[in-house]
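Below: one structure, written as structure tokens.
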Amino acid sequence: MAQIKVFDTTLRDGEQSPGVNLNQLEKLEIAKQLERFGVDIMEAGFPASSQGDFEAVRNIARTIKNVSVTGLARAKKSDIDIAWDALKDADEPRLHIFLATSPIHMTHKLKKTPEEVIQTAVEMVAYAREKFPQVEWSAEDATRSDKDFLVKIIEKVIDAGATVVNLPDTVGYTTPEEYGKLFRYVRENVPNINKVALSAHCHDDLGMAVANSLAAIENGATQIEGTINGIGERAGNAALEEFAVALNIRNDRYPYQTNLVLKEIKRTSDLVSKFTGMAVPANKAVVGRNAFAHESGIHQDGVLKNASTYEIITPELVGIHSNNLVLGKHSGRHAFKDKVEQLGYQFSEEKITQAFKSFKLLTDRKKEVTDDDLFTILTDIQTDLSDVKKYSLQAFQVQYGSSNMPTATVALTTPEGSRVETASTGQGSVEALYNTIESLVEEEIHLTDFNLSSIGKGRDALAEVHVNMTVNGDEVSGRGSAQDVLEASAQAFLNAVNRTFINQRSLTKQTAQL
């Protein structure tokens with residue numbers, strides 16, 4: 001079976017989703033999980049876009065060993081130089097350069113003639129190859145480009161040293177038939193095309209990203225680009241979990257294989273969803289909570305008699321286990337540590353102790369503790385930055401009645417270690433709580449989004465809150481989880497505020513290193 005390489009851009013294109021703001025530790029945890037998932041190439045970010053992104057890419061490049069780490073760059077020497085500084089310590093440093101090739105982009109965005117675009121592409125690819133052993137060149141908006149122009153510029157960038165050529169459907173405009181024909185045309189008309197790998201990068205604006213990706217490999221693409229859960233700009237990218245499972249289930253139609261470990265799909269999806277705050281729709285293919293649920297009586301009867309009647313994908317294939325109940329209040333530390341390792345976490349003894357304490361507190365209040373509950377506890381501890389938190393919640397109380405104005409009293413510890421306390425009102429309990437916290441912190445805050453969801457089912461399920469806000473003009477996100485909705489809301493608010501302090505500290509450190 002032909003081998004298809006998987007290029008994951010969750011940490012770059014995926015993070016460009018509106019409202020998504022990952023800190024460096026979260027990016028690193030996602031990178032580690034992508035390594036376990038088995039992707040071949042990982043686009044860790046856009047190093048020239050900010051000092052924070054530069055540092056995140058450099059940290060991932062120094063940590064990840066079994067995946068080729070790449071960064072995005074415009075066709076500019078300064079971008080290439082910055083990317084090299086971030087990626088030079090990687091085991092296989094790689095660069096991804098993009099330059100628009102469609103008439104509408106060349107005319108209105110680049111304001112360059114086709115000849116000038118070719119010259120820029122050739123010069124920048126050649127310059128990049130002086131540093132990077134692997135250089136991918138992308139023809140931005142390839143699907144709306146003139147095919148003969150594409151053939152011409154691709155031949156020249158290959159001669160200049162490109163090792164991968166990407167033909168992205170940048171605006172999600174094309175159809176599977178058209179996209180397949182484009183790859184076939186390029187393969188048949190670029191004389192030196194056999195010197196490079198052909199890559200497909202599809203957006204989902206018309207809901208055809210995965211279908212287009214499959215059409216591409218049928219017509220010569222040997223690399224597919226996408227994101228976990230299909231996140232990304234606008235309507236997102238091709239969902240890698242859908243692509244991978246499609247190859248597996250329909251191997252009669254698609255005789256291709258990847259290095260992806262399918263049983264890691266659910267864990268990878270959950271981690272990305274938690275850190276980005278982008279909930280997976282219940283009816284999402286492969287990873288949605290309803291993907292293996294059967295409501296119709298006819299369907300239920302068929303599944304009970306033979307699962308294959310209506311279930312073409314087994315939950316176990318993607319890492320979903322039907323027996324999800326785990327440890328209880330009488331479980332000991334040794335059993336808990338074994339479970340932590342089974343879930344793929346590598347904790348120090350100090351963090352094991354911290355996690356076990358949180359687990360025991362939860363068992364005092366929750367009858368059944370599931371894998372999802374443990375996942376929340378462990379990921380929160382794995383990404384905890386308590387040593388640099390600016391504010392911490394000490395106590396709160398909310399008074400509410402159908403005929404009374406909601407009032408919240410909150411006590412916080414400030415960065416200086418002092419305790420501050422006050423009370424405020426609001427039109428609802430959450431607003432009263434947030435008004436109170438906002439009056440206690442020094443930063444200028446504007447809340448832009450609030451999302452509440454439950455982890456698991458039942459009245460004792462954990463609540464998880466994600467918020468987006470601007471803090472002193474910077475866009476940040478925050479998350480919090482607790483059995484009490486208001487406590488989770490307060491934790492999410494403070495988590496977002498504290499991220500600004502963490503980011504400032506990181507940038508100060510980075511500036512000093514530069």
Side-chain angles (χ1 to χ4, degrees), residues 7 9 12-13 41 43 46-49 70-84 93-174 178-203 216 219-223 225:
F7 179 114
T9 184
R12 199 276 300 169
D13 207 332
I41 301 108
E43 190 165 48
F46 187 175
S49 64
T70 187
L72 186 70
R74 295 167 295 184
K76 294 184 175 183
K77 285 187 175 181
S78 58
D79 277 21
I80 296 170
D81 291 339
I82 292 171
W84 174 247
R94 152 186 318 245
L95 186 68
H96 180 195
I97 303 175
F98 70 96
L99 188 61
T101 55
S102 66
I104 190 171
H105 276 242
M106 290 190 291
T107 301
H108 298 288
K109 187 181 76 172
L110 299 180
K111 300 188 184 302
K112 290 179 180 287
T113 65
E115 290 72 24
E116 290 173 328
V117 170
I118 291 175
Q119 181 180 358
T120 299
V122 168
E123 289 178 355
M124 292 303 99
V125 168
Y127 182 73
R129 273 307 302 272
E130 294 176 5
K131 303 174 183 292
F132 291 89
Q134 299 289 333
V135 173
E136 174 174 333
W137 179 78
S138 286
E140 186 184 8
D141 206 21
T143 55
R144 294 193 296 174
S145 300
D146 178 77
K147 289 184 178 179
D148 292 331
F149 178 69
L150 274 179
V151 165
K152 185 177 181 181
I153 193 171
I154 289 171
E155 179 182 0
K156 291 186 179 297
V157 296
I158 293 174
D159 286 340
T163 57
V164 180
V165 169
N166 181 32
L167 303 177
D169 184 24
T170 304
V171 294
Y173 174 78
T174 197
E178 292 169 335
Y179 202 48
K181 285 182 178 179
L182 175 62
F183 276 83
R184 188 162 63 248
Y185 188 87
V186 167
R187 284 181 57 228
E188 292 173 352
N189 291 277
V190 176
N192 54 359
I193 197 65
N194 290 332
K195 294 182 179 180
V196 298
L198 264 179
S199 186
H201 179 114
C202 298
H203 281 262
N219 289 275
T222 56
Q223 177 176 292
E225 306 185 8

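Nearest approach of A216 to A200, heavy atoms of both residues: CB-CB, 3.6 Å. Residues N192 and E155 approach most closely at ND2-O, 3.1 Å, considering heavy atoms. Of all heavy-atom pairs spanning V117 and L99, the tightest one is O-CD2, 3.4 Å. The two residues R74 and D79 come nearest to each other via the heavy atoms NE-OD2, 2.7 Å. Considering every non-hydrogen atom in both I154 and L167, the closest pair reads CD1-CD2, 3.8 Å.
D13 is listed as a side-chain neighbour of H203, based on a closest heavy-atom distance under 4.5 Å. Residues F7 and T70 have side chains in contact (heavy-atom distance under 4.5 Å, counting atoms from C-beta outward). Under the 4.5 Å side-chain criterion, counting only non-hydrogen atoms from C-beta, V135 is not in contact with Y127. Between L150 and L182 there is a side-chain heavy-atom pair separated by less than 4.5 Å. Under the 4.5 Å side-chain criterion, counting only non-hydrogen atoms from C-beta, E136 is in contact with S199. The side-chain heavy atoms of N189 and K147, taken from C-beta on, include no pair separated by under 4.5 Å. Proximity of I118 to F149: side-chain heavy atoms (C-beta onward) are separated by under 4.5 Å at one or more points.
Residues forming a ring pair (Phe, Tyr, Trp, His ring centres under 6.0 Å) with Y179 (at least two apart in sequence, or on another chain): F183.
The closest side-chain donor-acceptor pair between S145 and T101 falls under 3.5 angstrom. Using modelled atom types and a 3.5 Å distance limit, the side chains of N166 and S138 yield a donor-acceptor pair.
Atom CZ of R129 sits about 6.0 Å away from atom OG1 of T163, to the nearest 0.5 Å.
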Might you work through the side-chain contact (heavy atoms from CB on, under 4.5 Å) test for W137 and V122, ending with a clear yes or no?
CA-CA 10 Å; W137 179 78; V122 168; over 6 Å; no
Is there a side-chain contact (heavy atoms from CB on, under 4.5 Å) between M124 and V157 once you walk through the steps?
CA-CA 9 Å; M124 292 303 99; V157 296; over 6 Å; no
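The number of heavy-atom neighbours closer than 6.0 Å to NZ of K131, taken from other residues, nucleotides and ligands shown, is above 12. Within a 6.0 Å radius of OH in Y173, no more than 12 heavy atoms belonging to other residues, nucleotides or ligands are found.
Among pairs with a residue in residues 106-120, those fulfilling salt bridge (charged side-chain N to carboxylate O under 4.0 Å, His left out) read K109-E140, at least two apart in sequence or across chains.
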